[in-house]
**Student:** 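Take a look at the following structure, please.
We name chains A, B, ... by the order of the sequence lines, and we start the count at 1 in each one.
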Number of protein chains: 4
Amino acid sequence: MARIAGSSGASTAAAIRRVGLRLIHRHGYEAMGLRQLAAEVGIRPGSLYNHIASKQDLLFRLIEAHLLALIAAAEAALEAAPADPPARLRAFVTHHVLYHLGKEAEVTVANFELRALDPPGRARIVALRRRYEALLITLLEAGRAEGRFVLTDPRVAAYAILAMLTGACTWYRPDGRLSPAELAAIHAGMVLRSCGLAPEEGAS
Amino acid sequence: MARIAGSSGASTAAAIRRVGLRLIHRHGYEAMGLRQLAAEVGIRPGSLYNHIASKQDLLFRLIEAHLLALIAAAEAALEAAPADPPARLRAFVTHHVLYHLGKEAEVTVANFELRALDPPGRARIVALRRRYEALLITLLEAGRAEGRFVLTDPRVAAYAILAMLTGACTWYRPDGRLSPAELAAIHAGMVLRSCGLAPEEGAS
Amino acid sequence: MARIAGSSGASTAAAIRRVGLRLIHRHGYEAMGLRQLAAEVGIRPGSLYNHIASKQDLLFRLIEAHLLALIAAAEAALEAAPADPPARLRAFVTHHVLYHLGKEAEVTVANFELRALDPPGRARIVALRRRYEALLITLLEAGRAEGRFVLTDPRVAAYAILAMLTGACTWYRPDGRLSPAELAAIHAGMVLRSCGLAPEEGAS
Amino acid sequence: MARIAGSSGASTAAAIRRVGLRLIHRHGYEAMGLRQLAAEVGIRPGSLYNHIASKQDLLFRLIEAHLLALIAAAEAALEAAPADPPARLRAFVTHHVLYHLGKEAEVTVANFELRALDPPGRARIVALRRRYEALLITLLEAGRAEGRFVLTDPRVAAYAILAMLTGACTWYRPDGRLSPAELAAIHAGMVLRSCGLAPEEGAS
DNA sequence: CATGAATGAGATTTCATTCAT
DNA sequence: TATGAATGAAATCTCATTCAT
């Protein structure tokens, strides 16, 4: 009652994650069918369950992996940055924009499909997101304490900045008229000015 | 959950739109079942089709109505504003923030569920969104032409500003520590500064 | 996306119960597929859910209906019987055997598929079964109190009698060499003797 | 639940039979999954097939082994009994009750899961059951031929007796108020009386 | 002897939608 | 306008089983 086709092994799991991310991004989690996912991976629907525990589990792991990588990249960028708050802010913005460009699928899924997670999974993801936001909030608070930033409310400012930056990757197209570096520079300028800095401040 | 309270006077069609908006916002378009919608409206699933053409049609009309109202409100706000570009920018930002607060459902649905629309419907909605964005882009371009704004790219700046502002309503809670007016003021300040203006410029 | 064939109406629900009982009896609850059930009823699988809440629900209702009818029949038989304990015991045995013959499906399902019920459903069915058993236990206790029955333990005796009688309908075939009346008489004789009575005692 | 304790010495095949019997008894043949069986044995599902030919095969062997042991025990009990029919009947009843108590799993599976066997397997098991029933039928016929038993129909009487006795093990609990010996005595008394004997007849 | 990955079939259940009444 | 019963399609997931390693 069972036949063997091309027992590819470990790469199947990676293909499921890769194709799954693309399909969730394109159609949304609820609208993506496991039949379609299986077909594009090249296996039968039931075989998916040799690699994932459930559709929910797949979504959770995709989002979790993205956030963990994002946090690690941010921490690395901040460690490499000087202690000067404007420079650190510019470093964070540059990291965020460059990291997100080309990761539209991961970013969209991580932001849009949170509600599709069941409560325990959502709680864990929300905690990770808080860790990431805290990096920026801490940075803004430090700059304000040193009198370098003009900020009414660091938390609100952080949310506003993140919304602005993340939004960029929803419309950015690699074949557009702006290079990633240009886009990062434009946004760094806007963010620094929005915090009351002259654009040349914090230049590396 | 079954019968909607206080809806005795409203027509069934209005109840379907009201409840439908809430359910799509809470669960997402794909995850909202028409059975659930019918149950919360107080009718049977089949009866929905006396009021809507299809589930798609319901979604389209909800988004379209929201965008039309948003555009009208923006145009009214700009007509009432002085000709001075900083003042007009402040007026736009204030309008946007105040209009969006308390309309979380409409905003979220209009932004998140675009992908659930079929191509013709999506095209019409995208066109409406372009009309709205054009209001801000035109404003920014005018200000730059007068030498009042520091802007590398008005279109990119407009997207960044809209992303920042719209993001506010995804985390704003009416019982939070900030009033709508305070929130609008904070964001107006950030936006004006990000365009190279001193915060007091454009004050009404 | 939907077509109408022969909207038969209320009789569909009855057909589902009738065919469902037969299939559960023949294959067992777990082995009966709803596809098969739907096919034999003449509808599509999904249409079953216009009439049943779930497969579990179908099983529960079948067993519950059987037990309620069985209890009512037993109570009627005892009400019609004289007050004399041997006569009442003979009446109960005759009722039980005659009622069960020809109801092999109901009896088998009610006895064999209890374990397939979820705990709440099982609890309600077990309570009904206790009500039925209590009718016999009460009868045996009354007869022993009057010194008419030789019984070590009325509860154990009741279980033994019921097991013996119910077993009859698992092998009884209407086209066999014994008529229902003969079968009832044989078992009544064995039961009465097993309680220490002469066979002619309790004869009506 | 995962690894079976105290099974280090037993072979994997024996563990499969032991755990399989327990799971079939608890959930039923159809409801028991081979994945669950493998997990409780401590191996992967595929490895089961190093020890069993199929799920059907496992069920068949469990039932066959039980019936062969039951027949052997009955024959031993009858060989050890005196030639007197009442004494032989008492010996058979005592054997049956005592053998069955504590073998609830085997008995339930052998009786309830017959329908899950494919036709060839079922035929072989039914033949074994006939052999066992024949021991009692022969005994009853002999007793009737000697004029010791009051019996309308030895075959019907045998079925009634076996149903009564076997039923006892479906409700017997080792921690109940009756000992196995007491239970056997009660049933021996009922059976002997049901065949028209005074209770003390056939006492050993 | 055990494993991991695959299979085809099928499980129960939900979906949006239709339409005679 | 509302209803109840139907539809075809599809949903996610489990099943027993196979077999190269």
**Student:** Rounded to whole Å, how long is the line connecting atom NE2 of D:His27 with atom P of F:dC15?
**Tutor:** 11 Å

**Student:** Please tell me if B:Arg44 has a side-chain N or O lying less than 4.0 Å from either OP1 or OP2 of F:dA2.
**Tutor:** no

**Student:** Please list all pairs passing the salt bridge (Lys or Arg N to Asp or Glu O under 4.0 Å) test where one or both residues lie in residues 43-59 of chain C, with sequence neighbours left out.
**Tutor:** C:Asp57-C:Arg61

**Student:** Once side-chain contact (heavy atoms from CB on, under 4.5 Å) is applied, do any residues pair with A:Thr108, and if so which ones, sequence neighbours excluded?
**Tutor:** A:His25, A:Glu104, A:Phe112

**Student:** With sequence neighbours left out, which residue pairs that include part of residues 20-32 of chain C fulfil the salt bridge (Lys or Arg N to Asp or Glu O under 4.0 Å) condition?
**Tutor:** C:Arg22-C:Glu40

**Student:** At a heavy-atom distance below 4.0 Å, what parts of residues 29-37 of chain C sit against DNA chain F?
**Tutor:** none

**Student:** Got a donor-acceptor contact below 3.5 angstrom from the C:Glu106 side chain to the C:Leu62 backbone?
**Tutor:** no

**Student:** Where each pair must be Watson-Crick or G-U wobble with both distances under 3.5 Å, what dot-bracket representation of DNA chain E is obtained, with crossing pairs in [ ] and other-strand partners as |?
**Tutor:** .||||||||||||||||||||

**Student:** Checking the side chain of B:Glu113 only, and the main-chain atoms of B:Leu59 only, is there a donor and an acceptor separated by less than 3.5 Å?
**Tutor:** no

**Student:** Near DNA chain F, counting only heavy atoms under 4.0 Å, which residues of residues 46-62 of chain B show up?
**Tutor:** B:Gly46, B:Ser47, B:Asn50, B:His51

**Student:** To the nearest angstrom, how far is C:Ile16 atom CD1 from F:dG4 atom C1'?
**Tutor:** 13 Å

**Student:** Identify each donor-acceptor pair in which a side-chain atom of residues 119-127 of chain C lies under 3.5 Å from a protein atom, sequence neighbours left out, and give them as a table.
**Tutor:**
residue  : atom : partner  : partner atom : Å
C:Arg122 : NH1  : C:Leu114 : O            : 3.4
C:Arg122 : NH1  : C:Arg115 : O            : 3.2
C:Arg122 : NH1  : C:Leu117 : O            : 3.1

**Student:** Say whether, by atom type as modelled, one donor and one acceptor occur between the side chain of A:Tyr29 and the main chain of A:Val109 under 3.5 angstrom.
**Tutor:** no

**Student:** Identify, with sequence neighbours excluded, every residue that meets side chain to side chain donor-acceptor pair (under 3.5 Å) alongside D:Arg17.
**Tutor:** none

**Student:** Sequence neighbours excluded, which residues qualify as ring-ring contact (aromatic ring centres under 6.0 Å, His included) partners of D:Phe60?
**Tutor:** none

**Student:** Once side chain to side chain donor-acceptor pair (under 3.5 Å) is applied, do any residues pair with D:Thr166, and if so which ones, sequence neighbours excluded?
**Tutor:** D:His96

**Student:** Is C:Thr12 near enough to F:dA6 that one of its side-chain N or O atoms lies under 4.0 angstrom from OP1 or OP2?
**Tutor:** yes

